Every structure is written in structure tokens, then in C-alpha cells.
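Following: one structure in C-alpha cells, then a few remarks.
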Amino acid sequence: MLKTRDCGDLRPTDVGDRVTLAGWVHRRRDHGGLIFIDLRDRSGLAQIVFNPESHPETHDRADALRNEWVVQIEGEVTRRPAGTENAKIATGEVEIVATSLTVLNPSLTPPFAINDDSPVDEALRLEYRYLDLRKEGMQRNLKLRHRVTRYIRDFLDARGFLEIETPMLIKSTPEGARDYLVPSRISPGHFYALPQSPQQLKQLLMVAGFDRYYQIVRCFRDEDLRADRQPEFTQLDLEMSFVEEQDILALMEELFAGLVESVTPHLKTSRPFPRLTYAEAMDRYGTDKPDLRFGLELVDLADIAVETELGIFRSAVDQGGTVKGFVAPGCAGYTRRQINELIEFVQARGAKGLVTIALAEGKSLDEMELGDVRSQVTRFLSMDQVRRMAQRAGAGPGDMMLIVAGETSVANTALAQLRNEIGRRLGLADPSVLAFAFVVDFPLVKWNADEKRWDALHHPFTSVKAEDLPLLDTDPGRARSQAYDMVCNGFELSSGSIRIHERHLQEKMFELLGYTPDEIEQRFGHLLRAFDYGTPPHGGIAYGFDRIVMILAGSDNIRDVIAFPKTQSATDLLMGAPSPVDPQQLADLHLRLLE
RNA sequence: GGCCCCGUGGUGUAGCCUGGCUUAACACACCACACUGUCAAUGUGGAGAUCGCCGGUUCGAAUCCGGUCGGGGUCGCCA
């Protein structure tokens, strides 16, 4: 080894030891006489002192050192002179008096500073990712990621789970996300797909009797990117046999409560994790992934809205839509400009507009008159109507009601995001809190108006709740599934379900989804045949692993917890992927490019 | 596919709205010199950008307009 100790581990108990260290020059302070170097390795920083009197030759050579040079230093660990300790670093009580210096490799001046955390253009960071990863924050994130991985593996291992790998080259299943395809050289004109998730494979492992399976596995989806979505991402995928929904939820709550306690104890969670139905979540928050760190719950105002003279309220309800809103506490003083920002905010998310009703401070709701109400639409409202809306929403003097009318899903989407925005503006989302929750009782299917058919909400292997089974023949849209999500702070962390394990039910589901018998055989024949051979009841869940780490790291961007992420246009700025390939490679694969 | 934001020395920004007063400013980094207890070392000096690219308007463009490329956010999409 070129080193005997790690920089960051040195302590007063090591004083007197002769050590050899190796690492990067983090910072250099040249006093003409004394030269100080902060030497950095994975473990942290240690101060090296070059003394021109005791070791003149070594001191002379230290004169040439610059940031990010890789050096090896021999020296003696000494206690720093009284008064020169540095409480800001873990090794601040000691320093290493260098007796020899070897430059292992010099460095160009890096394109951005490694030794501070000032913001750098992300394209530049990605181009020089190996330098970006040297920075403290990224080192911390990837170490956290490792500890999360390790905790999960230990936890599941202790409960009898087996980690089993599944193939990366599998059969394309056109439904769901767009597949990444891999052409076959040996079978001309045929393609593999990279897995969107190991869904069918893990179900086949249940058929095989592996009982409790998990995998931390790369998945691929060729869809547009977002701050929390990459084309290749990692899932914590697991599946169990002979379980019911409650077994899985209980296990996952235990896993995540323990994970946070062990890995990020500075973050607060509360147990039990709340469980709300999909219908409740949509009613109260307008989304199936609510941020539960704050209230600002939505209320339905449709019945009052139809009594008003306001056309947009009445027509929304007449056309089968909704009128919902929530209270922005203490925001009655919002300026015209601030209100316009909110209106633009909801319009950018599809809503026609936003009705704001501000209640002046100073009078109780009962004493208030229309003159105390500030709104674009006061002339269409009576004080009684305003008062009843305020009472229902929980608005009082000094508050502002925010109301959206329109088609239900559009109004919900706009209000859900507006709720997050108001929560953010008012500082209601405590960054030290992880508000985990389960959302349960998802609908089994939703109507696809474009294609005029039912689509699976989760996936076609999800089983219906037993009591809703008859609805499959009469009113599929009302049938609830045994599907569940885990959410946290407004992010969907995972989805899972109890699966169908009987051939006739799976066939029935495929038929409901509009597949012909030929298509069923072509796409899912392997699964249905497996179901003929004694398939246990089973279910599972799959987490967006990167999102878990992102939330634990306190980041709002998945790229911050991935070593080599891709840009929003799915390119790799470091390696330059994707790239053209040699014509011979295409020929080997029986491919020809269209112009 | 739609919408929005950003692009100025190595890095981060100001200047842009309201074109000329800019020889494009500031901080950090870089280079040189000085300096024996600093730790964001300090002091003095120096070098470094024709303002992403192309075109247009104008007597004159970093500044206005169009296009394009790159990055980011978002809607659609993500069973």
C-alpha cells in the first residue's frame, strides 16, 4: 500500500506515530516559510506542515504543489501548537509534519473548484463528473446511497429474503413505458428489450417457490425525463408468496422506519405511517402522492358554487366537473401581482383560472360584510355563500381561499400543485420531516378515452379486491384493486400489489383490457402457462431506489444521488452517449438506418 | 410534441428591460513576488472573455428581433 492511514481518521491518540498518507491537495497555504497543505482522501482532510528548518528539501518541493495534485506524504503525527487547533475539521487537533513528499501525479487546474460548494453549471459538472464526484456533497450522497443499500440488504436478509438476479435482455412488452430495444445479431430482425422492471420474472420466481425475493436492480424506460426520473434507474424490487396486502405494508413500514432511524437519524418520521385510500387522497389533496408534512386540505365547494351567480362555477358543475379549493392562511394581504402569479401557476397546469377570496382582518366571519371580502368575483357572490365556503374550508379573517372550477382531474392536478406551492411559500414543508404514508385501494382500471378501452392503472397483473370482483362485468371503473403506493413528502416512492395467481382471472383481466386471444398468447402465454402449475398467492412492491436516496439526502433532484446520470435529453455528457456506430456494427445486427 | 427559464474570462455573477457614457465590471480561481502558525491565509502586481452559434434590424448590438444548439424546470408521457 502507498499509505498506512486515512487522512480523516487521525486523532490526538495517534500523536507520535509515523504515518504515510496519500491523497489530493485540497488546499494550499504558503507562508513563504511554513507551507500548509490540506490533504484529502475519501475519509476527510488532514493538515500537513512543511517546515523549512527541519526538512528544507521537502519544503522546497512542496513549493510546487497545486490543488488536486496527488501526493504521498510521510511524516509524524503531532499535536498542533496550542491555539492553532481547527474545530471545523475532525482532524483539527493534530497535524502531520512532513518528512518526505512524493508527487504521485500532478493535476491541471480543474474547470471548477473542488474545495468549495458554490454552484456550478450542471452541464459542466456532468462533463467532468469524476471531478464533481470528488466534492464533499456528492461523496456524502454516494456514501449515503451505499448505507441505504446495505441496510436494506441486511434487513431483508434477516427476514429470509433471497436476492436473485434476473436478465437484462428480455422480451419486449409494448404496453406500459416505451422499451429500450437491443437488436439480436443471432436472430435477424428480432430484438430484446431492457426491463422496465422485473415484474413478470419475479412472479415466475414465486411460481418457482422462492417465497421471498428481492433485488436492487437497474430498470430502463424510454420516456421523457424529469427531476425525479432518469431513463435508467434503480428499483428495490421485492415479492413474497402467501402474503396479503397488510403483510407487505407492515413489513415496508418496519423497513423504512428502521432505515431512517439507522441511516438518517436526524430526520423525523412518525409511526404508524398513515394509510389513506386513493379516493381520500384525491378528495383531500387532489393527488395520489400528497405531501403530508402540512395540511392545506382541499374541500369540495360544488354545492355552494351552483347557488352562486358565477358562470364558471355553475358550468363546471353542470358539465360534471368540480369546484374545489383550500385556504392559504394569512395570505389575505397578497398583492395583485402575487395573485396573478398564482393564477398563471394554475393556468400553466391546465386550469382555466383561479378564484381567490381574501377575507379582511379585524372582523369575525359572522360580522363580515361583502365589503370585507376581496375577490375578482365578489359581485357574483353573496356574503352567505362566502361565509359558508369559508366555514367549510376553515378560512378566517386574514386568510385567502384559492378555488379552481373545472373538469375534475384538471382541477385536482392544478390544486394539488398549487397546494405544494403555497406550502413551499409559507415554509410549511419541514425539511427535517419524512411524512411517509401508504395510499391504498387504487382503482383497477381507468378509461382511456383516446383508445376507447380500459387501461390498467397499476399493471395488468394486479388483482381486484375480492368484494369488487363482480364489478369487472358491470362497472369496471369502480372496481378497486389490491394495489398500494408508498409516498413521502409529495413523491411516489413505490407501487405494489397483490397479484393475480389464477389463470382464469388473469385471462379475464387481459380480456377486459382489450387483448385478443392471439395477443394474450403472444405476449403473456409464458406467464399463463406458469399459472397452470401451482402458483402461490403472491404480491410485492417496487421502490424507486434513487428517489429513496434523494429524499434521505435532502435533495430534490435524482441526479444528485446517481454517480453518472444523464441529461434531460437522455445523453451522457461524460462519455458522449448515445453516439453513431460503425456501419459494420449495424450490418452485424442486420440494421440499416433510415435517412 | 407543447410551455417556461438560463447561456457574458477557468468558475459564479453584474451589465441586457431603457442600444452609444464599456477600453465589458466584480468576486473566486490562475500566474509572479513577498511573508514561519495558517486553515476561505494575507499583501502587492499580472494575465485572462469580440458576451453559446447563425442571421437580421440599426450609423452603432452583450443589449432589440428571428432561427439554431446546449443545459434546466414542467405539461403530455412514465402499464
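Naming: A, B, ... by sequence-line order, numbering from 1 per chain. For the numbers below, each heavy atom of this structure counts, side chains included, while hydrogens, waters and symmetry mates do not. Quick caveat: nothing in here was measured; it's all calculated off a predicted structure.
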**OP:** Might you point out which heavy atoms bring A/L505 and A/I500 nearest each other, and give the distance in Å?
**Re:** CB-CG2, 3.7 Å
Subject >> Complementary nucleotide of B/A79, counting Watson-Crick and G-U pairs under 3.5 Å >> reply: none
Original post:
Does any nucleotide pair with B/G45 by Watson-Crick or G-U wobble geometry, both distances under 3.5 Å, and what is it?
Top reply: B/C31
Subject >> Complementary nucleotide of B/G7, counting Watson-Crick and G-U pairs under 3.5 Å >> reply: B/C69
**OP:** Could you measure between the two C1' atoms, the one in B/A61 and the one in B/U8, and give it in whole Å?
**Re:** 14 Å
**OP:** Could you check if a side-chain atom of A/L513 sits within less than 4.5 angstrom of a side-chain atom of A/R453, using non-hydrogen atoms only?
**Re:** no
Subject >> OG on A/S497 to CD on A/Q482, rounded to 0.5 Å >> reply: 8.5 Å
**OP:** For residues A/A177 and A/Q196, report the shortest heavy-atom separation together with the two atoms involved.
**Re:** O-NE2, 2.7 Å
Distances under 3.5 Å only, N/O to N/O: pair up the protein atoms with those of nucleotides 51-53 of chain B.
none

Original post:
When all nucleic acid strands are considered with a 4.0 Å heavy-atom cut-off, which category describes A/P460: base, sugar-phosphate, or nothing?
Top reply: base
Original post:
With a 4.5 Å limit on heavy-atom distance, are the side chains of A/T58 and A/N51 in contact?
Top reply: no
Original post:
Do A/K352 and A/V404 have side chains that get closer than 4.5 Å, going by heavy atoms?
Top reply: no
Original post:
In B/S/- notation, 5' to 3', how is nucleotides 68-77 of chain B contacted by protein heavy atoms closer than 4.0 Å?
Top reply: ---SBBBBBB
Original post:
For atom C1', what is the distance between B/C6 and B/A40, given to the nearest Å?
Top reply: 28 Å
Original post:
Hey, what do you get for NZ (A/K324) to OH (A/Y285), rounding to the nearest 0.5 Å?
Top reply: 11.5 Å
Original post:
Does A/R221 make a side-chain N or O approach to OP1 or OP2 of B/A79 shorter than 4.0 Å?
Top reply: yes
Subject >> Identified pairing partner of B/C64, criterion: Watson-Crick or G-U wobble below 3.5 Å >> reply: B/G56
**OP:** Starting from P on B/A79, measure out to CG on A/L512 and report it in whole angstrom.
**Re:** 18 Å
**OP:** Would you mind classifying the nucleic acid contact of A/L457 as base, sugar-phosphate or nothing, using non-hydrogen atoms under 4.0 angstrom?
**Re:** sugar-phosphate
Subject >> Pairing nucleotide - B/A40, Watson-Crick or G-U, each distance under 3.5 Å >> reply: none
**OP:** Please report, rounded to the nearest Å, how far the P atom of B/C78 is from the NZ atom of A/K289.
**Re:** 13 Å
Subject >> Exercise: identify the closest heavy-atom pair between A/P198 and A/C219 >> reply: CD-SG, 4.2 Å
Subject >> Minimum-distance pair of heavy atoms, taken over all atoms of A/D6 and A/D41 >> reply: CA-OD2, 3.5 Å
Original post:
Is a side-chain N or O of A/N141 found less than 3.5 angstrom from the main chain of A/V561, in a donor-acceptor match?
Top reply: no
**OP:** Determine the interatomic distance between P on B/G9 and the same-named atom on B/C26; round to the nearest Å.
**Re:** 16 Å
Original post:
For atom P, what is the distance between B/U74 and B/U38, given to the nearest Å?
Top reply: 47 Å
**OP:** Can you check each nucleotide of nucleotides 3-8 of chain B against protein heavy atoms at under 4.0 Å and return B for base, S for sugar-phosphate only, - for none, in 5' to 3' order?
**Re:** ------
Subject >> Residues which pass salt bridge (charged side-chain N to carboxylate O under 4.0 Å, His left out) with A/K465, listed by chain and number, not counting sequence neighbours >> reply: A/D441
**OP:** Provide the distance between the two P atoms, one in B/C5 and one in B/A14, to the nearest whole Å.
**Re:** 16 Å
**OP:** Look at all strands and tell whether A/A113 reaches a base, only sugar-phosphate, or nothing, counting heavy atoms closer than 4.0 Å.
**Re:** nothing
Original post:
In whole angstrom, what separates A/F112's CZ from B/G12's P?
Top reply: 10 Å
Subject >> Spacing of CZ belonging to A/R28 relative to CG belonging to A/L39, to within rounding of 0.5 Å >> reply: 14.5 Å
Original post:
For A/R559 and A/Q568, does a side-chain donor sit closer than 3.5 Å to a side-chain acceptor?
Top reply: no
**OP:** Using a heavy-atom cut-off of under 4.0 Å over every strand shown, decide if A/N67 touches base, sugar-phosphate, or nothing.
**Re:** sugar-phosphate
**OP:** Can you tell me, in whole Å, how much space there is between the P of B/A49 and that of B/G71?
**Re:** 26 Å
Subject >> Distance, P atom - from B/C28 to B/G55, rounded to whole angstrom >> reply: 38 Å
Subject >> Atom-pair distance (CD1 on A/I114; P on B/G10), nearest Å >> reply: 17 Å
Subject >> Parallel, tilted or perpendicular: rings of A/Y130 and A/Y128 (30°, 60°) >> reply: perpendicular
**OP:** Could you tell me how the ring of A/F442 sits relative to the ring of A/Y278: parallel (under 30°), tilted (30 to 60°) or perpendicular (over 60°)?
**Re:** tilted
Subject >> Residues A/R349 and A/Q417: side-chain donor-acceptor under 3.5 angstrom >> reply: yes
Original post:
A/F545 ring centre to A/R547 NZ or CZ under 6.0 Å, with the angle to the axis within 45°?
Top reply: no
Original post:
Paired with B/C51 by Watson-Crick or G-U wobble geometry, both distances under 3.5 Å: which nucleotide is it?
Top reply: none
**OP:** Quick one: look up who B/C26 pairs with, Watson-Crick or G-U, both distances under 3.5 Å, and put none if it's unpaired.
**Re:** B/G12
**OP:** Can you check each nucleotide of nucleotides 38-47 of chain B against protein heavy atoms at under 4.0 Å and return B for base, S for sugar-phosphate only, - for none, in 5' to 3' order?
**Re:** BBSB------
**OP:** Compute the ring centroids of A/W454 and A/W447, then answer whether they are less than 6.0 Å apart.
**Re:** yes
Contacts under 3.5 Å, N or O only, protein and nucleotides 48-50 of chain B:
none

Original post:
So what does A/L513 touch, heavy atoms closer than 4.0 Å: a base, only the sugar-phosphate, or nothing?
Top reply: nothing
Original post:
Looking for any heavy atom pair under 4.0 Å, which part of the strands does A/P81 touch: base, sugar-phosphate only, or nothing?
Top reply: base
Subject >> B/G66 and B/C17, which share atom name P, separated by this distance in whole Å >> reply: 15 Å
Original post:
Taking atom P of B/A79 as reference, at what distance in whole Å does atom CZ of A/F524 sit?
Top reply: 13 Å
